[in-house]
Trainee: 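Quick one: the structure is below, questions incoming.
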Amino acid sequence: MARRNKASIVLLVLLLGRPAVAAAQVFPERDWLAASPESQGMSSKALAAAADYAQKHGGLSGCVVRHGYLIHEWGDPRKLADIKSATKGSIGATLLGLAVDDGLLKLDDLAQKHYPKIGTEEPEDRTKGWLERITVRHLATMTAGFDDGRPPLLVYEPGKKGIYSNDTSNMLAELLTLKFGEDLRDVFRRRVMDSIGAPASEWAWRENAFRPKSIDDVKSREFASGITITHRTLARIGYLYLRDGEWNGRRILSKEFIREATRPTDLPSFVPYYAFYWGSNAKGTYADMPKDAYWALGLGDSFVVVCPSLDVVAVRLGVGSNKSRLPGDDDDTNWGKRVEGFFKIVAQAAGDPYPQSPVIKGVTWAPKAEIVRQAKGSDNWPMTWGDDDRLYTAYGDGNGFDPKVPEKLSLGLAWLEGSPRDFSGTNLRSPTAEQKGDGKAGKKASGMLMVEGVLHVWVRNAGNSQLAWSGDHGKTWTWSDWKFTTSFGCPTFLNFGRDYAGARDEYVYVYSPDSNSAYEAADRTVLARVPKRRIRDRDAYEFFCQLDGRGEPVWTKDIGQRGAVFAYKGRCYRSTVTYHAALRRYLLVQVRADIDGRPADPRFEGGFGIYDAPEPWGPWTTAFFTEKWDVGPGETAGFPTKWMSSDGATAHLVFSGDDCFSVRRVQFAIDRTSVNAK
């Protein structure tokens, strides 16, 4: 691991006391800052398994970086490796991006405009009428039509078919040399490597081996190969991409170019996952990798993988020949399968994708014997604090509180009075709300909210979800004449205080797994908002898209443009969100539907996470996480705001474990300095 100098230690101490957005902006200085895997939400054991896998198949060295910290590495960190074709994505695409950002060219410019002699080495290529149709984009995506000869032949019309062609990338290198008017090594050193603090001793670009050593009297380079580099320095390049082209507040490469360069081309490339010399899983080609992962790969399986959803960069260096090739490639073109075999182990190490909360430093649960359980045989339990000081809730697939209702209901209503240790539940009968039908066959409540005396409920299993409301405290209900039919299969309301007191603004916020079903875990959670007096109006809803450069939310009316407000591959399941006024934090409780990758019935076993954030859209940090709780957490769990102490230290989790209305006290260890700093 990297040794921290005195300045680095001071920086680390400062960062650990700041919110996640600051932690996400950690950058290496002379060395990477080192941290334990567990401190960054990953498993040491699993990362050791990834390193063992890499070395078992001839790997020289490598590392894993998360949240800006070097958390695991193997091999000699100062040894340079020949990364072969990984040069294309890590160096070649980056130089192309610099040229685009500088306005020297456009991606759809004709290549001959910038390089008149391109592809003219073979006389027969000059007669086909195709050279003048090749664009810069064709060169960057291997769709220019050249074969892999040296020099290559133009065997297909540009844009009609993809062929892996090393000299196609070398031609782009020559074109860029002409545009910059200097050695690309010097451009890359000055514009990128010096800016990201890459030591000169940790990378080199060899002389050309296959193409002329100069063009128009300017030193020329090859993109097809040529870079030798250490894993730590290759990780810096990957981290520049992970941070969308910005390094410690300085813009080096545009975010727009990075996004285009790392997503599969729409052109008919030789493999469906190819981008601008990067492989990309955006089409979900590889089930065991997150969809946003992308990689630059070279012979012998030297590669850098960038995964924004995990906030991870992983590097594996080979020996530059098939001696270090990983298993998994059955047809010699499925290179991404070999990357997947390694990176899935890294992804499995991410037991939780978010760093430790700067506010909630510890969680202590009351003993199991103190759990209060009522309404045996019923589950669900979304809750809201009413204007009459009652807690309103709903149950599913049961008969409610004692005395139980005579028929089993898919959606039944109830209200509660009293303290979390001594409460009474009363079933609230309403013919206009109650539903029947087991499991997926019956409509069920997924979120409840009272605003200005009006009770609202989101109902799932309604293809996808439907809204209902009551102005008489749940006795009679009106149902919306519209539904969410895209995503929002299990929506829940963000709850504030009594009758929505203490809300941050005039909006109501709605979260859901990004799925059409409440029975499937998604890769991400999505968020909508609506003015609190227009909750019934579908046209008034906006959807969270992304955060802008200032960290402010961007909203869209187009549900198709929704973005992730929370991401956790395959584990975004049913959740609740409440505002903890004393801590000034939003608490998201996310139940898991699996244990160590196998399906589980969370009513009786399973885990969950408690995540907190300063705003409804994040940045999220982890207050508590467990793969397997000491009791079943139920399929839904959350913190009713009424049962939170005024000092913030005590709260009560309501969960559907053991098929009951279950309540368990929790004590938070709080960093008061962080709370008071807000």
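Just so we're clear, the structure is a prediction, and the values are computed from it rather than from any experiment. Along the sequence shown, residues are numbered consecutively beginning with 1.
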Trainee: Arg562 vs Asp514, test: salt bridge (charged side-chain N to carboxylate O under 4.0 Å, His left out). Steps then yes/no.
Mentor: CA-CA 9 Å; Arg562 68 194 183 281; Asp514 190 18; 2.8 Å; yes
Trainee: Taking the six-membered ring for Trp, are Tyr395 and Phe661 ring centroids under 6.0 Å apart?
Mentor: no
Trainee: Write down the atom of Ser378, the atom of Gly398, and the distance for their closest heavy-atom approach.
Mentor: OG-CA, 3.3 Å
Trainee: Taking all non-hydrogen atoms of both residues into account, name the closest pair between Leu467 and Ile535 and its distance.
Mentor: CD2-O, 3.4 Å
Trainee: Mind telling me whether Trp643 and Phe423 have parallel, tilted or perpendicular rings, with 30° and 60° as the class edges?
Mentor: tilted
Trainee: State, yes or no, whether a side-chain contact exists between Thr621 and Gln356 at a heavy-atom distance under 4.5 Å.
Mentor: no
Trainee: On the 0 to 90° scale, with breaks at 30° and 60°, tag the Trp620-Tyr511 ring pair as parallel, tilted or perpendicular.
Mentor: perpendicular
Trainee: Quick check against the 3.5 Å criterion: does Ser410 have a side-chain atom that pairs as donor or acceptor with the backbone of Gly437?
Mentor: yes
Trainee: For Phe401, does its backbone N or O pair with a side-chain atom of Asn427 as donor and acceptor, under 3.5 Å?
Mentor: yes
Trainee: Pick out which of Phe639, Trp381, Phe604, Trp629 makes a ring-ring contact (aromatic ring centres under 6.0 Å, His included) with Phe655.
Mentor: Trp629
Trainee: Go through it in stages, so that I can follow the logic: the residues are Thr578 and His580, the test is side chain to side chain contact (heavy atoms under 4.5 Å, CB included), and I'd like the CA-CA distance, side-chain angles, deciding distance and then a yes or no.
Mentor: CA-CA 6 Å; Thr578 49; His580 197 319; over 6 Å; no
Trainee: Could Lys557 and Phe543 be counted as a cation-pi pair, given that NZ or CZ must be under 6.0 Å from the ring centre and within 45° of the axis?
Mentor: no
Trainee: Check His473 against Leu428 and note the closest heavy-atom contact, atom names and distance.
Mentor: O-CD2, 3.4 Å
Trainee: Salt bridge between Glu520 and Arg571, side-chain N to carboxylate O under 4.0 Å?
Mentor: no
Trainee: With a 6.0 Å cut-off (strictly less than), is the heavy-atom count around NZ of Lys436, excluding the residue itself, greater than 12?
Mentor: no
Trainee: Could you state the interatomic distance from OG (Ser43) to NE2 (His72), rounded to the nearest 0.5 Å?
Mentor: 10.0 Å
Trainee: Does atom NZ (Lys291) have a neighbourhood of more than 12 heavy atoms from anything else shown, all under 6.0 Å?
Mentor: no
Trainee: With no hydrogens and no angle check, is any side-chain donor or acceptor of Asn399 less than 3.5 Å from a backbone partner on Leu409?
Mentor: no
Trainee: When you compare the side chain of Glu434 with that of Arg429, does any pair of heavy atoms fall below 4.5 Å?
Mentor: yes
Trainee: To the nearest 0.5 Å, what is the distance between OH on Tyr392 and OG on Ser470?
Mentor: 8.5 Å
Trainee: Salt-bridged, Lys408 to Asp438, with N to O below 4.0 Å?
Mentor: yes
Trainee: Any sub-3.5 Å donor-acceptor pair from Asn516's side-chain atoms to Gly489's backbone N or O?
Mentor: no
Trainee: For Gly657, does its backbone N or O pair with a side-chain atom of Arg373 as donor and acceptor, under 3.5 Å?
Mentor: yes
Trainee: In terms of side-chain geometry, is the basic nitrogen of Asp505 or Arg529 positioned less than 4.0 Å from the acidic oxygen of its partner?
Mentor: no
Trainee: We want to know whether Tyr500 and Asp387 form a side-chain donor-acceptor pair, criterion being a heavy-atom distance below 3.5 angstrom.
Mentor: no
Trainee: Can a cation-pi geometry be assigned to Lys444 and Trp458, taking NZ or CZ under 6.0 Å from the six-membered ring centre and within 45° of the ring axis?
Mentor: no
Trainee: For Thr485 and Asn464: C-alpha separation, side-chain torsions, deciding distance, then whether side-chain hydrogen bond (donor to acceptor under 3.5 Å, both in side chains) applies.
Mentor: CA-CA 5 Å; Thr485 56; Asn464 298 350; over 6 Å; no
Trainee: Any side-chain heavy atom of Gln466 sitting closer than 4.5 Å to one from Val457?
Mentor: no
Trainee: Which heavy atom of Pro290 sits nearest a heavy atom of Leu310, and at what distance?
Mentor: CG-CD1, 4.1 Å
Trainee: Taking the six-membered ring of Trp365 (Phe, Tyr or Trp), confirm whether the NZ or CZ of Arg665 is under 6.0 Å from its centre and within 45° of its axis.
Mentor: no
Trainee: Once the angle between the rings of Phe608 and Phe624 is folded into 0 to 90°, is it parallel (under 30°), tilted (30 to 60°) or perpendicular (over 60°)?
Mentor: tilted
Trainee: For the residue pair Ser487 and Val526, what are the closest heavy atoms and their distance?
Mentor: OG-CG2, 3.7 Å
Trainee: Return yes if some donor-acceptor pair links the side-chain N/O of Asp671 with the main-chain N/O of Thr673 below 3.5 Å, else return no.
Mentor: yes
Trainee: Strictly distance-based, threshold 3.5 Å: is any side-chain N or O of Ser357 a donor or acceptor partner for the main-chain N or O of Thr622?
Mentor: no
Trainee: As a quick check of understanding, evaluate ring-ring contact (aromatic ring centres under 6.0 Å, His included) for Tyr541 and Trp482, giving each step before the final call.
Mentor: CA-CA 12 Å; Tyr541 283 76; Trp482 57 269; 5.6 Å; yes
Trainee: Does any part of the side chain of Gln590, heavy atoms only, come nearer than 4.5 Å to the side chain of Thr525, both counted from C-beta?
Mentor: yes
Trainee: Is there side-chain contact between Tyr519 and Arg574, with at least one heavy-atom pair below 4.5 Å?
Mentor: yes
Trainee: Could you walk me through whether Arg538 and Lys483 satisfy the side chain to side chain contact (heavy atoms under 4.5 Å, CB included) test, starting with their C-alpha distance in whole Å, then the side-chain angles of each, then the deciding distance to 0.1 Å, before giving a yes or no?
Mentor: CA-CA 8 Å; Arg538 170 62 181 86; Lys483 299 177 181 180; over 6 Å; no
Trainee: Considering only NZ, NE, NH1 and NH2 on the basic side and carboxylate oxygens on the acidic side, decide whether Arg664 and Glu370 come within less than 4.0 Å.
Mentor: no
Trainee: Keeping the roles fixed (side chain from Trp479, backbone from Thr432), state whether a donor-acceptor pair exists under 3.5 Å.
Mentor: yes
Trainee: If we ignore angles and hydrogens, is there a donor and acceptor under 3.5 Å between the side chains of Asp558 and Thr556?
Mentor: no
Trainee: Could you tell me whether Asp659 and Arg603 make a salt bridge, using a distance below 4.0 angstrom between a side-chain N and a carboxylate O?
Mentor: yes
Trainee: Under 3.5 Å, is there a donor-acceptor pair between the side chain of Asp292 and the main chain of Cys307?
Mentor: no
Trainee: Check whether any side-chain heavy atom of Arg533 lies under 4.5 Å from a side-chain heavy atom of Glu452, and answer yes or no.
Mentor: yes
Trainee: Walk me through whether Leu416 and Arg390 qualify under side chain to side chain contact (heavy atoms under 4.5 Å, CB included).
Mentor: CA-CA 6 Å; Leu416 297 101; Arg390 291 171 172 171; over 6 Å; no
Trainee: Any heavy-atom pair between the side chains of Arg524 and Tyr568 that's under 4.5 Å?
Mentor: no
Trainee: Parallel, tilted or perpendicular, judged at 30° and 60°: which one describes the rings of Tyr507 and Tyr509?
Mentor: tilted
Trainee: State whether the side chain of Ser430 and the backbone N or O of Lys475 hold a donor-acceptor pair below 3.5 Å, judged by distance alone.
Mentor: yes
Trainee: Would you say the side-chain atoms of Thr384 and Asn495 include a donor-acceptor pair closer than 3.5 Å?
Mentor: yes
Trainee: Which class fits the ring pair Tyr586 and Tyr579: parallel under 30°, tilted 30 to 60°, perpendicular over 60°?
Mentor: tilted
Trainee: Identify the two heavy atoms, one from Phe488 and one from Leu527, that lie closest to each other, and give their separation to 0.1 Å.
Mentor: CZ-C, 4.1 Å
Trainee: Nearest 0.5 Å, what's the CD1-CG distance between Ile360 and Leu583?
Mentor: 5.5 Å
Trainee: Between Thr650 and Gln667, is a side-chain hydrogen bond (donor to acceptor under 3.5 Å, both in side chains) present by the stated rule, with each step listed?
Mentor: CA-CA 5 Å; Thr650 304; Gln667 295 294 130; 2.8 Å; yes
Trainee: Evaluate the side chain to side chain contact (heavy atoms under 4.5 Å, CB included) criterion for residues Asp288 and Phe343: first the C-alpha distance (whole Å), next the side-chain angles of each, then the deciding distance (0.1 Å), finally the verdict.
Mentor: CA-CA 8 Å; Asp288 289 333; Phe343 194 71; over 6 Å; no
Trainee: Is there a side-chain contact between Val459 and Ser465 (heavy atoms, below 4.5 Å)?
Mentor: no
